[in-house]
Amino acid sequence: MTLTFIGKGDKPARVPLPLPARPAIQDAVAGRSSGPLLRTRTGAGMDRRSVHRYVPHTARVAGITRPIGPHALRRTVGTVGLNQGIPLRDIQRLLRHSRPETTLASYDVSGDALERHASHQVAGFLAGWAG
């Protein structure tokens, strides 16, 4: 099952729909076959302004006290993905970055980025520590 949408820069995107997300997406779709996925209370499609109001409000309701915006959610996905060892190319595609440098510069902010640096693996291999 896939989800097709218009993303940042008015670029169309098609992504697989992960199993854990399916119930929420099906609830949002509510039996429709077209139209906006995310809607306001009036049924109109959410635009940037409404999303920038909705995300902080939802965070406050959830008890999150620090300021949270839509891009914080995106940063979380990128950072967690890289920290979990998902290949850079896969995170780059997920975030729809055209260049891997964008992904690394923006999302590889963990404290252990240097500890995970490929130079350690290469040096270990050359020293005979890894097969």
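Just so you know, these numbers use all the heavy atoms, side chains as well, and skip hydrogens, waters and symmetry mates.
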ask   = Among pairs that include at least one residue of residues 14-45, which meet ring-ring contact (aromatic ring centres under 6.0 Å, His included), considering only residues two or more places apart or in two chains?
value = none

message = Please list all pairs meeting salt bridge (charged side-chain N to carboxylate O under 4.0 Å, His left out) that have one or both residues in residues 80-105, counting only residues at least two apart or in different chains.
response = R99-E101

message = Filter on ring-ring contact (aromatic ring centres under 6.0 Å, His included), then keep only pairs touching residues 12-49, sequence neighbours left out; what's left?
response = none

query = Which pairs count as side-chain hydrogen bond (donor to acceptor under 3.5 Å, both in side chains) when at least one residue sits in residues 29-40, sequence neighbours excluded?
reply = T40-T42

ask   = What about V15 and L19, same hydrophobic cluster or not, with Ile/Leu/Val/Met/Phe/Trp/Tyr joined at side-chain heavy-atom distances under 4.5 Å?
value = no

request  = Would you please name every residue forming a side chain to side chain contact (heavy atoms under 4.5 Å, CB included) with V55, sequence neighbours left out?
outcome  = V51, I68, P70, L73

ask   = Going by the ring-ring contact (aromatic ring centres under 6.0 Å, His included) test, which pairs reach into residues 73-105, not counting sequence neighbours?
value = H97-Y107

message = Please determine whether side-chain contact (heavy atoms from CB on, under 4.5 Å) holds for the pair L3 and L37, giving the CA-CA distance in whole Å, both sets of side-chain angles, and the decisive distance to 0.1 Å.
response = CA-CA 10 Å; L3 180 64; L37 176 63; 4.1 Å; yes

key: Sequence neighbours excluded, every pair satisfying side-chain hydrogen bond (donor to acceptor under 3.5 Å, both in side chains) that has a member inside residues 48-65   = D47-S50

All N/O donor-acceptor pairs, side-chain side in residues 20-29, below 3.5 Å, sequence neighbours left out:
| unit_1 | atom_1 | unit_2 | atom_2 | d |
| --- | --- | --- | --- | --- |
| R22 | NE | L17 | O | 3.3 |
| R22 | NH2 | L17 | O | 3.4 |

request  = If you link ILVMFWY side chains whenever their heavy atoms are less than 4.5 Å apart, which other residues fall into the same cluster as V80? By chain and number, please.
outcome  = none

request  = Give me the other members of the hydrophobic cluster that V61 sits in, counting Ile, Leu, Val, Met, Phe, Trp and Tyr linked by side-chain heavy atoms under 4.5 Å, directly or via other members.
outcome  = none

inquiry  = Please enumerate all residues that pass side chain to side chain contact (heavy atoms under 4.5 Å, CB included) together with R14, with sequence neighbours excluded.
reply    = T2, T4

